[in-house]
2 protein chains.
Amino acid sequence: MVSVVILGAGNVATHLFKAFSNTNQAVVIQWYNRNLNALKSYKTSVEITDDLSQLKEADLYILAVSDDAIKPLSSLLPFENRLVAHTSGSVSLYDIDKKHKRGVFYPLQSFSKSADINFADVPVCIEALKSDDYHVLKNLAIAIGSPTKKVNSDQRKVLHLAAVFVNNFTNQLYRIAHEITESEGAEFDVLKPLILETAKKVQDLSPYMAQTGPAKRNDKKTLRKHLKLLKDPHHKDIYNLLTSSIQRTHGRKKL
Amino acid sequence: MVSVVILGAGNVATHLFKAFSNTNQAVVIQWYNRNLNALKSYKTSVEITDDLSQLKEADLYILAVSDDAIKPLSSLLPFENRLVAHTSGSVSLYDIDKKHKRGVFYPLQSFSKSADINFADVPVCIEALKSDDYHVLKNLAIAIGSPTKKVNSDQRKVLHLAAVFVNNFTNQLYRIAHEITESEGAEFDVLKPLILETAKKVQDLSPYMAQTGPAKRNDKKTLRKHLKLLKDPHHKDIYNLLTSSIQRTHGRKKL
């Protein structure tokens, strides 16, 4: 049983609080936030505080706060030599004040406020300087049902960057598809099974092997038709750039 | 019961043959291909031919051939006034020779040779000039369990273009994520749950509502960190272009 204090009240903090509350291998003994209002609805299930001097002793302090707040908040903690882990993809382990035992507990998933999350679908990337600390973090991840991955700071930063490509940028391609279809009175809904199948395909196959389409085939007639259909010059730019990216990957000539 | 002759031996033709064979509301009475070798393994389950003059009378002829072959093949068919439909996303209905009753039966999905396909996940976009023909095509799609959509040629072309964004381009973003992670010894596998979640999220939520991340937040510090991490100038170009696309969509200033 590991005792945890959570600091922060955003999506990650809230989802972690719920996950920790659902396992008997962890107990959240306190939840801190600078603004206590954000925690009010939880005050019957956990002790809440906005006062760092009132923080209880715990096995682990999780800093689920914005990237910029990690360093200053870790310095302000009125104790030392306890395990303090942040949850950020892009902040160094060494941004945590060196008076602490330092760790990272980075859940690699897209968290929304509303949607429930199944932590079996959330790989937790773990980093720590000492083996004991690593195992505290790893066991906690296992307790909430997450796959775990030992990841150093460089690897974590690169995973965070890659996550922007497969999540934010991919979602923007969905958005553009939405704009294109609606502009002709076609329905974006018709594309939803294809969106899902595209994501499913690379669960077993490499993206390299999964690629198909006019860019890979260098089907110039279709490429020309598509560019003619695109009215927004920014959409044309994206079409051209991603087409030539595919052709570079698959050894075709540029568009 | 609708009798069908399939023309062509590619992925779409093969998957349609299997789907039609699994319903008692359709029967494939003949399968044509220019090169008979490609059909040899099916000769015990269906009559195969490479001779257009031997084509039997059927309710429907499906031209599941390459885009460029649709027009000439439809002219070569030695009959008239029968229903002939192609399966292409980007070819006009009017490319089919006007001596026929013309239709389009476009399954909007990514077909691989190997993977089995569930036609419940394949919306079929249907176009026809006459109501009777439309219903033949629609009932056939329903018979194989597909959702159907009445789509005119302009809408179909735009859906085909949008499919390139959500399938080929998205897959290329997965590929870049693969390159980035492997270059640092991180594992692409860790991203797979996020890839799936990103696709699932827009099944219920619009891509606009689903967007998150540093570009949308205009989190300049993270954007700078990411650009610094990217070594390949082409990856940087894609990062910049899709970041500014997100910021245009969400009313942020350009990078």
Side-chain angles (χ1 to χ4, degrees), chain A residues 90 108-110 121-123 149 151 154-155 157-159 161-178 180-181 184-186 190-199 202-203 206-208 210-213 215 222 225-226 229 234 237-238 241-242 245-246 248-249, chain B residues 90 108-110 121-123 149 151 154-155 157-159 161-178 180-181 184-186 190-199 202-203 206-208 210-213 215 222 225-226 229 234 237-238 241-242 245-246 248-249:
Chain A
S90 60
L108 203 169
Q109 190 47 280
S110 160
D121 299 328
V122 185
K149 203 78 220 167
V151 164
D154 286 346
Q155 291 168 336
K157 285 172 191 173
V158 139
L159 282 169
L161 167 59
V164 166
F165 279 82
V166 304
N167 180 14
N168 307 150
F169 291 170
T170 289
N171 188 73
Q172 182 64 8
L173 295 181
Y174 301 161
R175 163 67 192 186
I176 292 169
H178 198 171
I180 295 171
T181 47
E184 280 293 338
V190 186
L191 296 165
K192 288 181 177 177
L194 179 60
I195 285 173
L196 210 48
E197 181 61 26
T198 304
V202 295
Q203 304 294 311
S206 72
Y208 183 88
Q211 193 58 280
T212 61
T222 301
K225 276 187 191 179
H226 282 172
L229 270 177
H234 303 294
D237 288 347
I238 291 169
L241 192 58
L242 287 170
S245 180
I246 291 171
R248 226 172 359 250
T249 297
Chain B
S90 59
L108 204 169
Q109 189 47 280
S110 159
D121 299 328
V122 184
K149 202 79 218 166
V151 164
D154 286 344
Q155 291 168 337
K157 286 173 190 174
V158 138
L159 283 168
L161 167 60
V164 166
F165 278 81
V166 304
N167 180 13
N168 306 151
F169 291 170
T170 289
N171 188 72
Q172 181 64 7
L173 295 181
Y174 301 161
R175 162 67 191 188
I176 292 170
H178 198 172
I180 296 171
T181 47
E184 281 292 339
V190 187
L191 295 166
K192 288 181 177 176
L194 179 59
I195 285 173
L196 211 47
E197 182 60 27
T198 304
V202 295
Q203 304 294 312
S206 73
Y208 183 88
Q211 193 58 281
T212 62
T222 301
K225 278 187 189 178
H226 282 171
L229 271 176
H234 302 294
D237 287 347
I238 291 170
L241 191 59
L242 286 170
S245 180
I246 292 172
R248 226 176 354 253
T249 297

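These values consider heavy atoms only, across backbone and side chains, with no hydrogens, waters or symmetry-generated copies. In what follows, chains carry the letters A, B, and so on, assigned in the order in which the sequence lines appear, proteins first and then strands, with residues in each chain numbered from 1.
Comparing A/Val151, A/Ile195, A/Asp237, A/Thr222 by how many heavy-atom pairs each has under 4.5 Å with chain B, the most go to A/Ile195. Comparing A/Leu242, A/Leu161, A/Leu159, A/Val166 by how many heavy-atom pairs each has under 4.5 Å with chain B, the most go to A/Leu161. Your options are A/Lys157, A/Lys149, A/His226, A/Gln155, and the one with the most heavy-atom pairs under 4.5 Å with chain B is A/His226. Ranked by heavy-atom pairs under 4.5 Å with chain B, the first of A/Glu184, A/Glu197, A/His178, A/Lys192 is A/Lys192. Highest contact tally toward chain B, considering only A/Asp121, A/Asp154, A/Val122, is held by A/Asp121 [criterion: heavy-atom pairs under 4.5 Å].
Considering all non-hydrogen atoms of both residues, A/Val190 and B/Pro123 come closest at O-CG, 3.4 Å.
In this structure, the side chain of B/Lys225 engages the main chain of A/Ser90 through a donor-acceptor pair within 3.5 Å. Proximity of a side-chain donor or acceptor of B/Gln211 to a complementary backbone N or O of A/Asn171 within less than 3.5 Å is not detected. Side-chain N or O atoms of A/Asn168 include one that pairs as donor or acceptor with a backbone N or O of B/Thr212 at under 3.5 Å. Although no hydrogens or angles enter the test, the distance criterion places a donor-acceptor pair under 3.5 Å between the side chain of B/Gln172 and the main chain of A/Ser245.
Here CG of A/Leu173 is found 8.0 Å from CZ of B/Phe169. Values are rounded to the nearest 0.5 Å.
Under the side-chain hydrogen bond (donor to acceptor under 3.5 Å, both in side chains) criterion, A/Asn167 pairs with B/Thr198, sequence neighbours left out.
The salt bridge (Lys or Arg N to Asp or Glu O under 4.0 Å) pairs that include a residue from residues 163-176 of chain B are B/Arg175-B/Glu179, where partners are two or more places apart or lie in different chains.
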